[in-house]
Amino acid sequence: MTPPRAEAPVAVELRGITKRFPGTLANDSVDLTVSQGEIHALMGENGAGKSTLMSVLYGMLRPDAGTIRVDGRDVVFASPSDAMAAGLGMVHQSFKLFDSLTVTENVVYAAEPRRFGLVDRAAARRRVRELAEEHGLAVEPDARVGELPVGLRQRVEILKLLHRGARTLILDEPTAVLTPAEADALFAVLTSLAAQGRSVILVTHKLREVLEGSDRVTVLRDGRVVSRLVTAETSAGEIASAMTGRAVELDRVHAAGTPGEPVLEVSGLSAAGVHDVDVTVRAGEIVGIAGVAGNGQSELIEALAGLRAVTGGRVSVRGRDVTHASAAERRAHGLAYVPEDRHAVGTAPAASVAENLAMGHHRTSLSRRGLLAPGAVRTHARTLVERFGVKAASVAAPASSLSGGNLQKLLIGRELAHDAPLLLVEQPTRGVDIGAVQHIHDQLIAYRDAGHAVLLVSAELSEIRGLADRVLVMYEGRVVGAYGKDAADEGTLGLAMAGASGDAGAGSGEGAGSGAGANESAGI
Amino acid sequence: MTITRISGALRSPVTASVLAGLLVGALFLLGTGADPLTAYDAVLTGALGTDGIGATLTTGTSVLGMALALAVPLRAGLINLGGDGQLVLGGITAAATALYSPLPAPLTVVLALLAGMAAGAGYAVLAALCENRFGVPLLVSSLLLSYPAVSLASYLARYPLKEPGSSLPQTRAFPDGVALPAFGDSTVTVGLVLVVLAAAAYWFTDRWTAFGYEIRMTGLNSRFSVYAGVERAGLTLKLMSVSGALAGLVGAVGVLSFPYRFVDGSLTAPGYTWTGLTAALLAGAAPVGTLIASFFFAVLQVGGLAMERTTEVPRELTQVLQAIVIVFLAARLRFPRTLLKKKGAV
Amino acid sequence: MFLDSDLLMSALRALTPILLAALGGAICERAGVFNIGLEGMMLLGCFTAVATSWFTGSPWLGVLSAALAAAAYSLVLAVGAVTLKGDAVVLGIAMNLLAVGLTSFLLRTVFGVQGTFSDPALNGLPLIGGLSPLAYLSWVAVGVAALLLSRHVWGLRLRGVGESPDAAATLGVSPAKYQYGAVLSSGVLCGLAGAQLALGNVTLFTENMTAGRGWIAVVAVLLGRALPVGVLLAALLFGLAEAVGFRLQGVGLPQQATDAAPYVVTLGALFLSTARRRRRTPSSSGAVS
Amino acid sequence: NAAAKKDTGTAASGSSGKSFTLVTPDAVGQNEFLKLAVTGVEAAAKEHDGTQHVYQSTDAASQQQNVQAAVDAKPDVIVLVGFEFADVVAQQARRNPGQRFLLVDACTAKPFTNVSCAVFREHEGVFLAGAEAGLLSRSGKVGAVDVLDTPQFRRYSDPFAAGAKKVAPGTTTGTRFVGGQSPFDDSARAKEQAGTLLSQGYDQVMAAAAAGNYGVFEAAKAKGAFAYGVDVNQCPSSPGTVVDNVIKRTDVAVQKGIDAVLGGKAGTTVSYGLKEGGISLTGLDAGVDSSQCVIARHKDVLTKVKALRDQIVSGGLAVDDPAAR
Ligand SMILES: Nc1ncnc2c1ncn2[C@@H]1O[C@H](COP(=O)(O)OP(=O)(O)OP(=O)(O)O)[C@@H](O)[C@H]1O
Ligand SMILES: Nc1ncnc2c1ncn2[C@@H]1O[C@H](COP(=O)(O)OP(=O)(O)OP(=O)(O)O)[C@@H](O)[C@H]1O
Ligand SMILES: [Mg+2]
Ligand SMILES: [Mg+2]
């Protein structure tokens, strides 16, 4: 993309930032310089210290040492509002939104257009429409944010920033929840913002994005800067090995599975947000569900897991009708489930690692006649932590102290340990670093090869294509396409995801997928 | 492990707030011309001395019982504000059973206890059903249901079950022998043993069973436990029935102790429900913490009354002192370490 | 026989202190602070209003000082729950207890009496059309609160703070500031409620004279879903049920039945309102797709 | 309990050694008759050159604890005011035969040699107040506001109605109960309850609403109606509105009771009514002209009421006691 503008004035400069947590040196004398008009990628494995560094820059954490300069002036941020006043804006990895408020209210919050002290709702709505249109971030201004799918919430976050006219934008893993097409659209936005002279600091795990969208890359490892690269002069391999400290084998191809008996049979399933869906998943097979976030994938999975009332159709697992069975009965009958939202649904962050790992096992392998010995819970946790490479201070530490990647490993480990014939997985590698992604993918493949059925929902097309033996595409609550492993190229899937319908991928596709899959690349 | 625990306890907010509460209380006492040391000594001897320990244990029985009743659902994040209603229904049902049971006295006592527990449980389940079936939040439904129950019990004591010729709205005295056995001449009854057993059962369930684990996880993140297959409506029902049964037990124990009858208002007037809720909340519903907090409040209540009797502290001050200690406890005042922490994270 | 103007006035009198306190509770609720200490703040307001009116001869100064005193008292909750992150429920319970002790203590030291202070020379609030000015003020307060909460910049920020303090903080809005503001306004409103009770409904101070009205206000907050208009309706329902209950005693219903009436009626109203909402929700969400 | 004995002694430092402990069922501030009981025990201490203590309870639990503490301290006489104590006194009297008790307002079901009782026949006084109301009422409707619907409080409403009907047979009568969450303290609620009577044309209201009496007076005043107080002279708190008061001389009962117990007459029950001077009306007492009571302006009514009193005293007229039912 654009070559680095070395001559451009410096927008943000961090010098010698050190941040220590009890037991962890999260940032160790980190230097970072971001020029105006630059998209600067910040990379590193889970727990490398990226979020910490950005929190320091944004005034949420006070550094133990080091200085921050913005536009050539020394600044000390006591709070995010100081940072905002200095022209910084941040999109946090876990959304900071008000679920019960509307999109408009969220966007203008604390920077409201007013009339006589009252919020000028008409002006606010207009502003949101304008911004949305200008940057291609369409979202209904009067919708309640709590009712929006994750993908749209992300847009609201970005609109919030734009509304405030931030000159330097910090985005912590902004594309984790977006489809490639949406990510491309986001990058178009970011690029145009950079062209206006704004700077973007981008925290991400996705090499493809970094290579395509950034000007320079800074790599952190164990809290220290290990590499400063100019994007145009580097490669995926170089960045990956800088992050992990070892050579990484990219673009692995997994062998196809050998499908056996059907394990999950769904016919004509309807539920709120899901219409007339047919799916069959066989033992030894991974079926992937692709789709733009918010097209009923989560709802389908919830209906299958027994968390959403089924209004029509039939679901059977291993030949037994479970259409109206409870979540517990389904689990007992051989279903395990990795949900999309690991903080709000998949774990109890305030509980210990051990307690989180016990869930689901607490009435089966871990308990004897209803008794659950704390010792057994701990032993079980140590085994899983070891087996799935979860990095935790101890199994007694609260799950909230784990980094996102490690929390995900914990979650997947726990569900795989059920050894259930059917596994439902949503977004298994969201926000997870390259090393961990591979680890998780290997686990899923191994699980399949052990003769289990896996239904995988992912917004990551490369992930779907890499893992799935068959791919279904969902659009507006319906399955609009089914493809074999070989037919599922990004172009075809992208069109189907955009609602361009038809197994053949024909049709008049317009709308969302702006150039979906047009630029193929060896994405991770 | 133990050493870190002890040092943790010393540095814990509880220690700090009790000390701070005592300090502010001392200033108050000095302000009104009383000697704080004498006053505090009176609280301790009044509550823990040979003359007071009986009253403390008796009060403790009710406080702990209600604290457990409220802690059990609270552990799963459910707040039961209907303790008074469940308590009183337990009491009046036990009283009716005690008056009309054809069984021999000892069996009648057991039957009355069971009936009281069943009544409390049944009524609490009603509140749970309001939440499960009608979507009325438990907090609201339990609180609202409480008042009619108290009125109903009052009506029963005033009319159908009344003692003829008495100036008080109270039931007739139970037949001879229909009483919980007491320890010696004291007011402490077998009720204490029952409540302590309940506490032990709660501790065991919480720490050693899968059910207890599910309750805790529901309290920490209910979506998580639902996701994992814990059925929320059923859990609410179970926990509320246990909660109501415990409240009913306290009511039954209350009427089966001296003066062996149901006296309108005597179960609710001491405010065991609120004291119990306060204890449970302060302890985060943890079993051992709830036990300790309950005992602490019993000491405060009995000792406060004793202080009023034996020193010249006006009665209003006793109430003020208790409230101040609770305020500090609730605010979880910490010693300066917080200031250090504050700088780190915003 | 029942539906006469006396009944309405009786309901309105019963309603006013509850409404004022419940509005305060609703504002706190929206800011994410569960305020269960309404009763105590109100009681302190009662005492301050009577004491000030007695010593200055002006009931208006009584009203003002009641608002100020209760607001100052509400700082206990603000500091405890917001700054020190204590448990708001426990703090509220303790504040109610503290207020009873404190006002009884002050009654004894300031007036030298126990139980009740009443004097023919104590000035109460004048009546306009049979109601105290604070009654009218409470209706205005409902409108103002509704407007502030739904349309004003403060209201938006307050609601945001109540929903997710974290998110508000990242946008430079200090949750603590808004929560303090909410708790203090509830203090002011409870002070007014107390003044209304002690100088409007009656003209005297009795120990523990709030007699559970603060709790009813808490119920009204929950029932009215912390919306000012909802709270008004809930309080009105309560006032009417109570006034009708008074009359029902006249036709021979036992006192216990009339005591229970307002709560039973409220519960019934809750059933109806949630049942209606439930019936509406599925159909509307079904229509979306 | 050594500490208890050491630093007590609230009154006379004199040391005849006589000591009295008064235990109240509620906070003293709540009821006028409890304040009178305190006066009585103070007077007794003065008279016998001894010391006195007052233990105030708030609920059943603290009542028991206070009685126990009183028994532990072994004073010469333990005075208990209120029917709430009947059970606990019986229990303690059996366990502590050497301890002497004076129970005011109630008596134990079974007699004990160490328990003396003083009970009141409030209904006699209330009947007379009702007669006044019947004579003074213009609307022919007289009512009462009681704290709660209990037999004890019925003593303040049923005889009131009976008295009115005695002198004016066509009188309509009605009773309201304060009730609610805190019936003894709720003057606003008491005022509303009185208001419902007044709005139906009642113009004479007996106020037996504890602290709520002031609310009843306010309601009556606002409507230009009249009210009747209890226990002490409540006329000054609302001159021109309060007609008369049913006086209950708890102080006398306490002081005389202590005298009798100390004089060796334990185990007796004394009943105080109009005859004994334990119950009376302000209007029938000496200071009526300076009492600020409305009745002082109605000598004709007082004459008729005096006649009724004499009938009751002589036994010619029996007043039905609602609490005995
Ligand atoms: N508040 C905290 N207290 C203690 N340790 C913390 C805290 N915040 C972060 N850490 C630790 O600091 C290290 C850096 O964490 P950070 O969140 O910055 O990593 P990251 O690079 O953002 O990881 P990820 O890729 O998973 O988002 C981790 O070891 C983490 O456990
Ligand atoms: N009490 C704590 N103790 C230790 N670490 C903590 C604590 N609280 C937060 N952290 C750390 O702070 C970080 C939270 O920051 P952030 O929201 O960016 O999460 P994240 O690691 O990037 O995870 P995710 O990808 O799931 O959002 C976590 O990485 C975690 O390690
Ligand atoms: Mg991070
Ligand atoms: Mg992360």
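Keep in mind the model is a prediction, meaning the values are calculated, not measured. Every chain is numbered from 1 and lettered A, B, ... according to where its sequence line falls, protein lines coming before strand lines.
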First locate atom [atom1] of [X], then atom [atom2] of [Y], and finally report the distance between them rounded to the nearest 0.5 Å.
{"X": "Q319(B)", "Y": "L98(C)", "atom1": "CD", "atom2": "CG", "result": "9.0 Å"}
{"X": "W274(B)", "Y": "L97(C)", "atom1": "CH2", "atom2": "CG", "result": "12.0 Å"}
{"X": "S154(B)", "Y": "D259(C)", "atom1": "OG", "atom2": "CG", "result": "7.5 Å"}
{"X": "W215(C)", "Y": "L81(B)", "atom1": "CH2", "atom2": "CG", "result": "7.0 Å"}

Would you say that [X] contacts [Y] through its side chain, given a criterion of any heavy-atom pair below 4.5 Å between the two side chains?
{"X": "Y147(B)", "Y": "P262(C)", "value": "no"}
{"X": "L329(B)", "Y": "V90(C)", "value": "no"}
{"X": "L282(B)", "Y": "D87(C)", "value": "no"}

[X] portion near chain C, given a 4.5 angstrom heavy-atom threshold:
{"X": "T32(B)", "result": "side chain"}
{"X": "L144(B)", "result": "both"}
{"X": "L152(B)", "result": "neither"}

Smallest separation among heavy atoms of [X] and [Y], with atom names:
{"X": "V320(B)", "Y": "G101(C)", "answer": "CG2-C, 3.6 Å"}
{"X": "A94(C)", "Y": "A323(B)", "answer": "O-CB, 3.5 Å"}
{"X": "G80(C)", "Y": "A331(B)", "answer": "CA-CB, 4.0 Å"}
{"X": "Q256(C)", "Y": "Y159(B)", "answer": "OE1-CE1, 4.3 Å"}

- Query: Which of the residues L107(C), V264(C), V100(C), T109(C) is involved in the greatest number of heavy-atom pairs with chain B at under 4.5 angstrom?
  - Reply: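 The residue among L107(C), V264(C), V100(C), T109(C) with the greatest pair count is V100(C).
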
- Message: As an exercise: rank L267(C), L77(C), L223(C) by heavy-atom pairs under 4.5 Å with chain B and give me the winner.
- Response: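 With the most close heavy-atom pairs to chain B, the winner is L267(C).
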
- Message: At a 4.5 Å cut-off on heavy atoms, which part of I93(C) comes close to chain B: side chain, backbone, both, or neither?
- Response: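 Contact with chain B involves the side chain of I93(C) alone.
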
- Item | Among the listed options L143(B), I79(B), L139(B), the residue most often paired with chain C at heavy-atom distances under 4.5 Å |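 If we count pairs closer than 4.5 Å to chain C, L139(B) comes out on top.
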
- Message: Just so I understand: if I count every heavy-atom pair under 4.5 Å between each of S146(B), S151(B), S141(B) and chain C, which residue has the most?
- Response: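 The residue among S146(B), S151(B), S141(B) with the greatest pair count is S151(B).
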
- Check step by step if side chain to side chain contact (heavy atoms under 4.5 Å, CB included) holds for C130(B) and F271(C). CA-CA 8 Å; C130(B) 283; F271(C) 282 165; 3.4 Å; yes

- Would you please test L91(C) and V327(B) for side chain to side chain contact (heavy atoms under 4.5 Å, CB included) and show each step? CA-CA 5 Å; L91(C) 278 164; V327(B) 165; 3.9 Å; yes

- Task: With side chain to side chain contact (heavy atoms under 4.5 Å, CB included) as the test, would you mind laying out the steps for L102(C) and E316(B) before giving the verdict?
- Result: CA-CA 7 Å; L102(C) 210 57; E316(B) 293 83 8; over 6 Å; no

